[in-house]
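Take a look at the structure below.
Computation of the quantities below employed the complete heavy-atom set of this structure, encompassing side-chain atoms and omitting hydrogens, waters and symmetry-equivalent molecules. We name chains A, B, ... by the order of the sequence lines, and we start the count at 1 in each one.
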Amino acid sequence: QKEVEQNSGPLSVPEGAIASLNCTYSDRGSQSFFWYRQYSGKSPELIMSIYSNGDKEDGRFTAQLNKASQYVSLLIRDSQPSDSATYLCAVNHGSSNTGKLIFGQGTTLQVKP
Amino acid sequence: DTAVSQTPKYLVTQMGNDKSIKCEQNLGHDTMYWYKQDSKKFLKIMFSYNNKELIINETVPNRFSPKSPDKAHLNLHINSLELGDSAVYFCASSRQNSPLHFGNGTRLTVT
């Protein structure tokens, strides 16, 4: 079992729809969770971080965390073609403070005009 | 500009050569990392340094040797390059338990 799992996609949604990206992780001791967006040929950029159970909203983005189910998701409302990218889920491994982030393989999102 | 910068951006070399990638951050972060992203976009940690001290050393061939002359710099030296080393290498930095800030990547192609 991979430590952080994502559906590689592609996930295709029409412009204006809600895109839902999912991620599961194996280490129950994980404390910090992040979503990065990576455009083709570019570096990953942080778009959301979440540390406690529940929802966290930032503009059109909502991150959801359920530690009991070891599940973290990202919702993108009113999807735009500019949201088309690969979304990487990252989990801080265990409760240590070494900052070792484990990444999922990423989900490719395509927003069609 | 405050950033993580790495050079070169592209590196094309032949098998058996030795090459280095340099990384510098001016964000005042204590921890720096090297990640490797393969052709399937899978991003995997290689090394991490905190205040010039190696704290993470994943299962990476001995041909890869990181060097941190100070906490703002983390270089990666690769000996005897192999075809399988072709990938994009990302440098990153962070404060403790905070998100990573990535450099723009170095695309290494070994022929």
Side-chain angles (χ1 to χ4, degrees), chain A residues 2-11 21 23 27 29-52 56 58 61 63 72 74 84-110, chain B residues 1-7 9-10 21 23 25 27 29-51 53-60 68 71 74 87-109:
Chain A
K2 292 180 181 175
E3 293 179 86
V4 179
E5 291 207 57
Q6 297 179 251
N7 188 325
S8 61
L11 173 65
L21 305 162
C23 172
D27 187 347
S30 300
Q31 299 292 324
S32 310
F33 307 85
F34 307 93
W35 283 98
Y36 284 81
R37 177 177 62 200
Q38 186 175 24
Y39 292 113
S40 181
K42 302 294 185 182
S43 59
E45 55 176 328
L46 179 73
I47 52 171
M48 289 289 285
S49 58
I50 187 166
Y51 303 96
S52 54
K56 179 181 177 183
D58 183 0
F61 299 99
V72 58
L74 179 70
S84 298
T86 297
Y87 289 80
L88 302 168
C89 173
V91 176
N92 193 308
H93 189 66
S95 58
S96 71
N97 58 7
T98 60
K100 177 180 174 180
L101 279 193
I102 306 296
F103 284 83
Q105 70 267 39
T107 297
T108 300
L109 173 66
Q110 296 174 346
Chain B
D1 289 343
T2 55
V4 180
S5 57
Q6 55 182 109
T7 55
K9 186 169 183 176
Y10 299 98
I21 308 172
C23 180
Q25 56 94 5
L27 298 166
H29 291 165
D30 291 330
T31 308
M32 295 185 72
Y33 312 80
W34 278 109
Y35 276 81
K36 178 181 179 181
Q37 189 169 44
D38 61 26
S39 57
K40 295 183 179 179
K41 305 296 184 186
F42 192 53
L43 197 61
K44 189 169 183 180
I45 191 167
M46 301 173 68
F47 301 104
S48 174
Y49 271 75
N50 180 270
N51 281 321
E53 181 182 344
L54 181 66
I55 56 172
I56 295 174
N57 185 351
E58 293 297 292
T59 307
V60 177
S68 181
K71 72 174 189 177
L74 180 61
V88 181
Y89 292 84
F90 285 102
C91 177
S93 71
S94 74
R95 288 197 178 87
Q96 197 174 71
N97 271 342
S98 295
L100 301 182
H101 293 255
F102 285 91
N104 288 330
T106 296
R107 182 173 294 276
L108 171 64
T109 304

Residue, of B/Arg107, B/Lys40, B/Glu58, that accumulates the most heavy atom pairs under 4.5 Å with chain A: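 Result: the option with the highest number of such pairs is B/Glu58.
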Check against side-chain contact (heavy atoms from CB on, under 4.5 Å), B/Leu100 and A/Tyr36: CA-CA 10 Å; B/Leu100 301 182; A/Tyr36 284 81; 3.4 Å; yes
Region of B/Asn104 that comes under 4.5 Å of a non-hydrogen atom in chain A: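 Both parts, heavy atoms under 4.5 Å.
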Heavy-atom pair of closest approach, residues A/Ser43 and B/Gly103: CB-O, 2.9 Å
Nearest heavy atoms of B/Phe42 and A/Phe103, plus distance in Å: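 For B/Phe42 versus A/Phe103, the nearest heavy atoms are CE1-O, 3.3 Å.
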Within-4.5 Å side-chain heavy-atom neighbours: A/Leu101 and B/Tyr33: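 With C-beta onward as the side chain, the pair stays apart.
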Side-chain heavy atoms of A/Pro44 within contact of B/Phe90, under 4.5 Å: yes
CG on A/Leu88 to CD on B/Gln37, rounded to 0.5 Å: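 With rounding to 0.5 Å, CD (B/Gln37) is 6.5 Å from CG (A/Leu88).
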A/Asn92 side, atom CG; B/Ser94 side, atom OG - distance, nearest 0.5 Å: 9.0 Å
Chain B contact via A/Glu45 - which portion, at a heavy-atom distance below 4.5 Å: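 Nothing of A/Glu45, per the 4.5 Å heavy-atom cut-off to chain B.
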